[in-house]
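Have a look at the structure below, then the notes.
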Amino acid sequence: SLVWHNILLNCRDWTQPPWNLSCSSPASLKSLEIRSNRMPIKPIDLTLLNKEKKEFSGKDLLPGKKIMLYFSAHWCPPCRSFTPVLAKFYAEAKAANKAVECVFVSCDRDEASMWSYMNESHGDYYVVPFDAEERKGLSEQYGVSGIPCLVVVDEEGKVLQKNARNDVQAGNVGCIDGW
């Protein structure tokens, strides 16, 4: 129904996640831009974790790659629908030797939910540690006002694609070359 559609798009009836993020439609992300008063966070300066909770340096993983920053949460129904699509896209991109990485920036309420979601639905990519200040800082820096949100940046944090969800949903990994 239309009411259910609006709830899924806006998540206004769901408990608000950290930082007052709310689910939204891709159309509301058209004006996404870097907005922050603090020093920009560069992806190459991040410490990241894989699914086995092993630490990696952005300096080792990300140089020369396009980085998909994926803002999402387990409690958000649109996120739970998009995440498997992103995981499949990422696997196909890696199989095609595309210079791309995906970094999950969790909007979950607690670390246990983040890891449950990461292990249950996400691809074999990286996550910003739950207790890292950069987790909140990235959402502020890129003006994330709704989730799921997929922003593609370079290693220095320059936006290459403000809303890559449509590209990923189309399933053509060739779009990476155009970012």
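Just so you know, these numbers use all the heavy atoms, side chains as well, and skip hydrogens, waters and symmetry mates.
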(request) Just grab all the salt bridge (Lys or Arg N to Asp or Glu O under 4.0 Å) pairs involving residues 47-56, residues at least two apart or on different chains. (result) none

(request) Among residues two or more places apart or on two chains, list those pairs meeting salt bridge (Lys or Arg N to Asp or Glu O under 4.0 Å) that have a residue in residues 112-122. (result) R80-E120

Please report the closest heavy-atom contact between [X] and [Y], naming both atoms and the distance.
X	Y	result
C76	I147	SG-O, 3.8 Å
V85	Q169	CG1-CA, 4.0 Å
Y70	C102	CB-SG, 4.2 Å
W179	A164	CZ2-CB, 3.8 Å
D45	K59	OD1-NZ, 2.8 Å
G58	P63	O-CD, 3.5 Å

Can you find a pair of side-chain heavy atoms, one from [X] and one from [Y], that are under 4.5 Å apart?
X	Y	answer
Y90	H122	no
V173	V100	no
K42	K158	no
L49	W115	yes

(request) Give the C-alpha distance, both sets of side-chain angles, the deciding distance and a yes or no for side-chain contact (heavy atoms from CB on, under 4.5 Å) between F89 and D167. (result) CA-CA 10 Å; F89 178 88; D167 291 340; 5.8 Å; no

Kindly compute the distance separating [atom1] ([X]) from [atom2] ([Y]), expressed to the nearest 0.5 Å.
X	Y	atom1	atom2	result
K88	L86	NZ	CG	12.5 Å
C107	W75	SG	CH2	7.5 Å
L138	C149	CG	SG	11.0 Å

Where the side chain of [X] meets the backbone of [Y], is there a donor-acceptor pair that is under 3.5 Å apart?
X	Y	result
R135	F130	yes
S116	A112	no
E155	G64	yes

(message) I need the single residue from I41, V151, L69 that forms a side chain to side chain contact (heavy atoms under 4.5 Å, CB included) with Q141. Which is it?
(response) I41

(message) Could you walk me through whether S113 and Y117 satisfy the side-chain contact (heavy atoms from CB on, under 4.5 Å) test, starting with their C-alpha distance in whole Å, then the side-chain angles of each, then the deciding distance to 0.1 Å, before giving a yes or no?
(response) CA-CA 6 Å; S113 296; Y117 186 35; over 6 Å; no

(request) Mind checking side chain to side chain donor-acceptor pair (under 3.5 Å) for S57 and listing every partner two or more places apart, or none if nothing turns up? (result) none

(request) Show your working on side-chain contact (heavy atoms from CB on, under 4.5 Å) between Y142 and V153 and close with a plain yes or no. (result) CA-CA 10 Å; Y142 294 105; V153 299; 3.6 Å; yes

(request) May I ask you to decide whether D154 forms a salt bridge with K66, counting only side-chain N to carboxylate O separations under 4.0 Å? (result) no

(message) Evaluate V128 against L48 for side-chain contact (heavy atoms from CB on, under 4.5 Å), listing each step before the verdict.
(response) CA-CA 5 Å; V128 176; L48 302 169; 4.0 Å; yes

